[in-house]
Amino acid sequence: MTQTLSVIDHPLIKHKVTLLRSKETSTGEFRRILREVSLLLAYDATRDLELSETEIETPLERGRFPILEGKKLCFVSILRAGNGLLDGMLDLVPSARVGFIGLYRDHKTLEAVEYYFKVPELLPERLVIVVDPMLATGHSAIAAITRLKKAGAKRIKFVCLVAAPEGAKAMADAHPDVPILAAALDRQLNEKGYILPGLGDAGDRIYGTA
Ligand code: URA
């Protein structure tokens, strides 16, 4: 198996993920902390963005300085839990383009079924960062990335909060060209496809719909 998963090793992220895991954490707190973690994830996911130079004048002198090069990057949120990661990422990159993919998980087969797809134009020229908090079986992420490739995306990264080994392996098998960035790698899936120890249903935790 190609190793495509990187787990961020940072004390602030570890601390915040522990707070997210706790069932005592309220909906409001969960959203706030997730926003902070996603900003940190976006910081790491964008570290290889290309730069060019622009000439500007500081109050003291003229000079050439780095500036982001090329087409704006694009975040693609897998609805609905992906939106919980999106907000913090947009705090960091406010001018990014945003796409949405609606997939629901068939509770019997655990397969992903598409019900919505809307992405910005010029996808082939953009870095596309797909976001979904939980990489569990990997079915949704794999389906979303297959669909984005069909729509022309060429450079794709996948960013999640918690990955299960099963999902990371399935993703690496299906899309060995797509790096995965996670805040934590957990132990395993349970028989219902939930990540253990995990944090529960991310969508329910974000929106208080348990
Ligand atoms: N989706 C979730 O929200 N949580 C899990 O543990 C697995 C999939």
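In what follows, residues are counted from 1 in the order of the sequence shown. Whatever order the structure lists them in is the order used to number ligands and atoms, beginning at 1.
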What I'd like to find out is whether the side chain of Leu181 reaches to under 4.5 Å of the side chain of Arg47, using heavy atoms alone.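 No, too far: nothing below the 4.5 Å cut-off.
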Validation row: Asp9, Lys14 side chains within 4.5 angstrom (heavy atoms) =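 SC-SC contact between Asp9 and Lys14 confirmed.
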Table please: side-chain donor-acceptor pairs of residues 136-143 below 3.5 Å, with sequence neighbours left out.
{"from": "Thr137", "atom 1": "OG1", "to": "His139", "atom 2": "N", "distance (Å)": "3.1"}
{"from": "Thr137", "atom 1": "OG1", "to": "His139", "atom 2": "ND1", "distance (Å)": "3.4"}
{"from": "His139", "atom 1": "ND1", "to": "Leu110", "atom 2": "O", "distance (Å)": "2.4"}

Solution key, residues 79-94 side-chain donor-acceptor pairs under 3.5 Å, sequence neighbours excluded:
{"from": "Arg80", "atom 1": "NH1", "to": "Thr209", "atom 2": "OG1", "distance (Å)": "3.1"}
{"from": "Arg80", "atom 1": "NH2", "to": "Asp204", "atom 2": "OD1", "distance (Å)": "2.9"}
{"from": "Arg80", "atom 1": "NH2", "to": "Thr209", "atom 2": "OG1", "distance (Å)": "3.2"}
{"from": "Asn83", "atom 1": "OD1", "to": "Ser77", "atom 2": "OG", "distance (Å)": "2.5"}
{"from": "Asp91", "atom 1": "OD1", "to": "Arg35", "atom 2": "NH2", "distance (Å)": "3.0"}
{"from": "Asp91", "atom 1": "OD2", "to": "Arg35", "atom 2": "NE", "distance (Å)": "2.9"}

Practice problem: To the nearest 0.5 angstrom, please state how far the CG atom of Leu20 sits from the CG atom of Leu34. | Solution: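 Between atom CG of Leu20 and atom CG of Leu34 there are 6.0 Å.
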Need the list: ligand 1 N/O atoms against protein N/O atoms, distance under 3.5 Å, rounded to one decimal.
{"from": "ligand 1", "atom 1": "3 (O)", "to": "Ala202", "atom 2": "N", "distance (Å)": "2.7"}
{"from": "ligand 1", "atom 1": "4 (N)", "to": "Gly200", "atom 2": "O", "distance (Å)": "2.8"}
{"from": "ligand 1", "atom 1": "6 (O)", "to": "Ile195", "atom 2": "N", "distance (Å)": "2.8"}

List the atom pairs, with distances to 0.1 Å, where a side-chain N or O of residues 160-168 and a protein N or O form a donor-acceptor pair under 3.5 Å, not counting sequence neighbours.
{"from": "Glu166", "atom 1": "OE2", "to": "Leu189", "atom 2": "N", "distance (Å)": "3.1"}

